[in-house]
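Because the structure is a prediction, the values reported are computed rather than measured.
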Amino acid sequence: MLKNLTAQALAILALTATQTGAFAQSGGPISNSAASAIPVAKAVAYAGTIVLNVDATDLDHRVFQVRQHMPVKPGPLTLFFPRWLPGTHGPTGSIDRLAGLKVRTADQTVLPWQRDTTDPFAFHVTVPVGVTKLDLEFQHLSPMDGRNARIVMTRDMLNLQWNSMLLYPAGHFSKRITVAASVKLPNGWQQASALQVQRTSDQGIEFAPVSLEKLVDSPLFAGQNVRRVPLDAEGTRRPVVLNIVADSPEQLQASEEQLQAHKNLVLQADRLFGARHYERYNFLLALSERMSGIGLEHHESSENGVRPGYFKDWGKRIGSRELLPHEYVHSWNGKFRRPADLNTNTFNEPMRNSLLWLYEGQTQFWGKVLAARSGLVTPEQARDGLAHTAASLESRAGRTWRNLQDTTNEGTMGARRMGKDWGNYQRSADYYDESALIWLDADSLIREKSGGAKSMDDFAKLFFGMEDGRVQPLPYTFEDIVSTLSRVQAHDWTSFLRTRLDGNGPGAPLDGLERAGWRLTYAEKPSEFARNDDREDRAEDFAYSLGLTLQKDGKVDSVLWGSPAFKAGLNIAVQVVAVNGRSFKAERLSEAITANKEGKAPLALLLKEGDLYRTVTVDYRGGLRYPRLERIANAPERLDAGLLAPRVQ
């Protein structure tokens with residue numbers, strides 16, 4: 001038996017025997033010597049270029065075939081599969097979808113590999129003497145069912161993320177590893193990405209070699225229905241292009257007014273930041289009901305996936321029209337200016353998310369602002385959106401025990417990948433929306449203290465607008481943020497931020513809205529923003545009355561901690577079957593809530609939980625409540641006429 005084993009296999013057996021002996025002698029657990037052999041990443045260039053070929057033509061099985069040609073040296077070699085991914089802020093690499101891994105030498109000798117026992121994203125191989133190149137082969141088994149994971153390949157389009165398509169050598173910074181990538185697409189398909197095409201042939205599309213860091217930051221959308229729309233004047237340096245991929249050709253149609261709003265987005269971002277930090281920028285926009293949605297930032301592109309009616313149903317899905325502004329802002333905030341503790345050297349180095357309240361929070365703020373300034377949404381729609389954000393956070397029971405700073409750990413906890421039974425109490429990625437309210441607070445405070453002469457626009461130019469044309473990231477710290485705010489307007493910004501980030505207690509940070517001349521209030525009818533939400537998973541919203549949201553069939557989506565529904569015993573495992581003895585309809589529940597405003601008709605809800613039925617009574621008397629913003633009489637107006645108004649220069 002042993003005489004048929006390769007030298008490498010014998011080496012692994014010897015290693016195992018050594019470890020077993022160590023266990024027997026010491027009486028303790030076997031140490032993972034393989035893990036200790038993982039080399040520390042250094043700023044040393046990897047010798048040679050890794051060639052990466054991806055075949056994306058298997059639409060039947062949604063399988064990506066991957067082949068790599070890697071220059072190597074004899075001895076131990078550790079290969080990483082990317083684990084910690086920029087933009088997701090956590091260890092979200094899809095190692096579970098890697099299959100069929102084979103490692104071969106040039107003469108087709110198969111080398112054994114061993115997965116690290118403490119880091120399952122690391123693979124150990126021993127390179128034989130005299131071998132200078134390895135061939136790697138594996139498959140990425142993309143999801144077949146959107147209930148389990150995000151669909152990235154359909155009959156009409158695909159979304160290729162390079163981090164799922166490669167292994168890379170440990171011991172080197174990602175920016176010091178060069179990769180020459182290529183992709184083979186189905187016949188007739190076109191692609192869009194931030195990568196530069198070097199040549200096209202029957203074998204596929206070859207891209208110019210780039211660093212591993214840039215490759216992973218340059219995903220690809222492809223499909224058979226593609227439209228490219230320049231968003232700059234012809235001949236503009238560092239141009240911006242909107243690349244649209246759709247399920248069908250007719251979904252590519254857009255009016256001049258709609259396209260002009262996207263051109264205005266680029267113009268208003270220029271006027272806000274005063275610089276561009278990319279060679280060229282590509283919006284990748286998928287209009288699909290079959291490929292899963294996405295919103296993910298990159299330095300010179302962004303992945304954006306929305307429903308097919310993005311252009312056709314322009315009056316609906318207002319929220320989806322804030323997606324592109326948000327991801328575009330990330331080119332400045334998060335990519336060019338990058339938190340120092342997120343500026344990692346490899347994709348397998350743990351991230352630290354302490355400054356996501358600026359990275360994501362201020363991006364959320366500017367995304368909403370630029371959507372309004374460009375005309376993608378109206379000022380009224382922007383206000384309605386802010387009202388819903390404010391109301392959601394105002395009712396966030398979890399604010400009493402978990403501060404905003406702690407929510408920046410959601411990604412590293414892995415919590416964002418899981419649903420939460422009591423999200424209102426547990427909290428989630430609140431560093432997006434609550435931080436946006438904090439930056440609105442800062443804007444209105446600066447306007448007030450400066451007599452209208454200064455605003456957060458001045459911060460944006462100082463913090464993000466330096467060194468026009470620089471692409472190389474410029475890291476920042478908490479102290480850099482405070483220093484720049486102080487340059488705009490004298491104030492104790494350290495206390496301003498830390499009080500809001502570290503404090504506990506009920507109530508959202510709404511001072512900025514009120515200083516801008518608006519207050520959160522509630523009406524008995526939903527706003528246009530809420531009425532035009534046409535998502536398939538849209539919930540029937542009774543969050544600010546009973547304290548719950550439901551699906552159309554009465555299945556409970558969420559229950560607010562401490563709300564009337566909570567006190568009556570509702571949870572997300574139940575379905576509301578009937579209201580006051582009649583089968584459930586959202587309209588009937590609305591009528592019943594209104595009927596009990598004087599306490600004369602308490603709501604009787606028949607609940608189904610598995611095969612059990614029970615009836616509960618909810619004696620709520622507050623009527624229907626939907627969030628709105630209301631002008632404060634005689635207060636200065638700093639929102640529509642200030643923050644949201646388009647910049648003319």
Side-chain angles (χ1 to χ4, degrees), residues 268 271-272 318-319 321-322 325 329 361-396 404 432-461 485 488-493 495-497 499-500 503 506-530 544 625-649:
Q268 289 297 321
R271 290 174 177 172
L272 174 63
I318 296 167
R321 295 209 298 277
E322 292 183 343
V329 169
Q362 198 170 119
T363 297
Q364 189 82 334
F365 170 76
W366 288 124
K368 292 177 180 295
V369 169
L370 288 176
R373 290 183 184 180
S374 63
L376 285 165
V377 303
T378 66
E380 180 183 7
Q381 292 165 344
R383 291 198 307 273
D384 285 344
L386 281 170
H388 277 261
T389 296
S392 174
L393 292 161
E394 182 74 358
S395 63
R396 189 80 84 239
L404 181 62
Y432 281 85
D433 282 338
E434 185 166 329
S435 298
L437 292 181
I438 291 174
W439 293 115
L440 173 60
D441 195 354
D443 180 78
S444 60
L445 179 63
I446 292 170
R447 291 174 189 274
E448 180 182 75
K449 293 177 73 72
S450 68
K454 298 287 184 179
S455 70
M456 281 297 295
D457 286 53
D458 297 282
F459 175 89
K461 278 194 171 60
L485 285 166
V488 175
Q489 177 63 52
H491 189 67
D492 184 358
W493 291 108
S495 296
F496 175 92
L497 292 171
T499 298
R500 289 157 177 78
L510 303 183
D511 290 352
L513 274 174
E514 298 197 3
R515 204 181 291 110
W518 298 84
R519 67 164 60 93
L520 175 65
T521 186
Y522 296 88
E524 292 192 344
K525 293 183 179 181
S527 65
E528 179 189 7
F529 179 90
Y544 308 110
R625 300 174 81 238
Y626 298 97
R628 297 287 183 88
L629 292 188
E630 176 184 79
R631 275 286 285 124
I632 300 173
N634 302 319
E637 204 291 311
R638 299 187 176 103
L639 191 61
D640 285 9
L643 182 62
L644 302 181
R647 297 306 184 249
V648 296
Q649 61 181 12

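- Considering all non-hydrogen atoms of both residues, R628 and P526 come closest at NH2-O, 3.2 Å.
- Here the rule is salt bridge (charged side-chain N to carboxylate O under 4.0 Å, His left out) with D640, and of R631, R383, R373 only R383 fits it.
- Geometrically, R500 engages F496 in a cation-pi contact defined by less than 6.0 Å to the ring centre and at most 45° from the axis.
- Considering every non-hydrogen atom in both K449 and A490, the closest pair reads CE-O, 3.5 Å.
- Contact check for L440 versus L639: side-chain heavy atoms found under the 4.5 Å cut-off.
- When every heavy atom of W366 is checked against every heavy atom of M456, the shortest pair comes out as CZ2-O, 3.4 Å.
- To the nearest 0.5 angstrom, I446 atom CD1 is 7.0 Å from Q489 atom CD.
- A donor-acceptor pair is defined here as one N or O able to donate and one able to accept, closer than 3.5 Å; no such pair exists between the side chain of R638 and the backbone of L513.
- By the 30° and 60° cut-offs, the orientation of the rings of Y544 relative to Y522 is tilted.
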Run S527 and H388 through side chain to side chain contact (heavy atoms under 4.5 Å, CB included) and show every step you take. CA-CA 9 Å; S527 65; H388 277 261; 3.6 Å; yes
Determine, step by step, whether R519 and E630 satisfy the salt bridge (Lys or Arg N to Asp or Glu O under 4.0 Å) criterion, reporting the C-alpha distance in whole Å, the side-chain angles of both residues, the deciding distance to 0.1 Å, and the verdict. CA-CA 5 Å; R519 67 164 60 93; E630 176 184 79; 3.4 Å; yes
Go through it in stages, so that I can follow the logic: the residues are Y432 and T389, the test is side chain to side chain contact (heavy atoms under 4.5 Å, CB included), and I'd like the CA-CA distance, side-chain angles, deciding distance and then a yes or no. CA-CA 10 Å; Y432 281 85; T389 296; over 6 Å; no
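- Atom CG of L445 and atom OG of S455 lie 12.0 Å apart (nearest 0.5 Å).
- Between the side chain of R515 and the main chain of D441, a donor-acceptor pair closer than 3.5 Å is present.
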Starting from the C-alpha separation in whole Å, work towards a yes-or-no answer on side chain to side chain contact (heavy atoms under 4.5 Å, CB included) for L510 and L393. CA-CA 10 Å; L510 303 183; L393 292 161; over 6 Å; no
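- Note: E524 CD to R625 CZ = 10.5 Å, rounded to the nearest 0.5 Å.
- Within the model, atoms NZ of K368 and CG of L386 stand 6.0 Å from one another, a figure rounded to the nearest 0.5 Å.
- Remark: the backbone N or O of L376 is paired with a side-chain donor or acceptor of R321 at under 3.5 angstrom.
- For the atom pair CG (L629) and CG (L520), the distance works out to 6.5 Å, reported to the nearest 0.5 Å.
- Scanning all heavy atoms of the two residues, the minimum distance from A387 to P627 falls at O-CB, 3.6 Å.
- Taking the side chain as every heavy atom from C-beta outward, H491 and L485 never approach each other to under 4.5 Å.
- Side-chain contact between L404 and I438 is present, with at least one heavy-atom pair separated by less than 4.5 Å.
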Hey, mind stepping through L437 and E394 against side chain to side chain contact (heavy atoms under 4.5 Å, CB included) and telling me if it holds? CA-CA 11 Å; L437 292 181; E394 182 74 358; over 6 Å; no
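- Shortest non-hydrogen contact noted between A635 and G517 is CB-CA, 4.2 Å.
- A donor-acceptor pair under 3.5 Å links the side-chain atoms of K461 to the main chain of R271, judged by distance alone.
- Closest non-hydrogen pair, Q381 versus V377, comes out as OE1-CA, 3.3 Å.
- Separating the CG atom in L370 from the CZ atom in R647 is a distance of 10.0 Å, to the nearest 0.5 Å.
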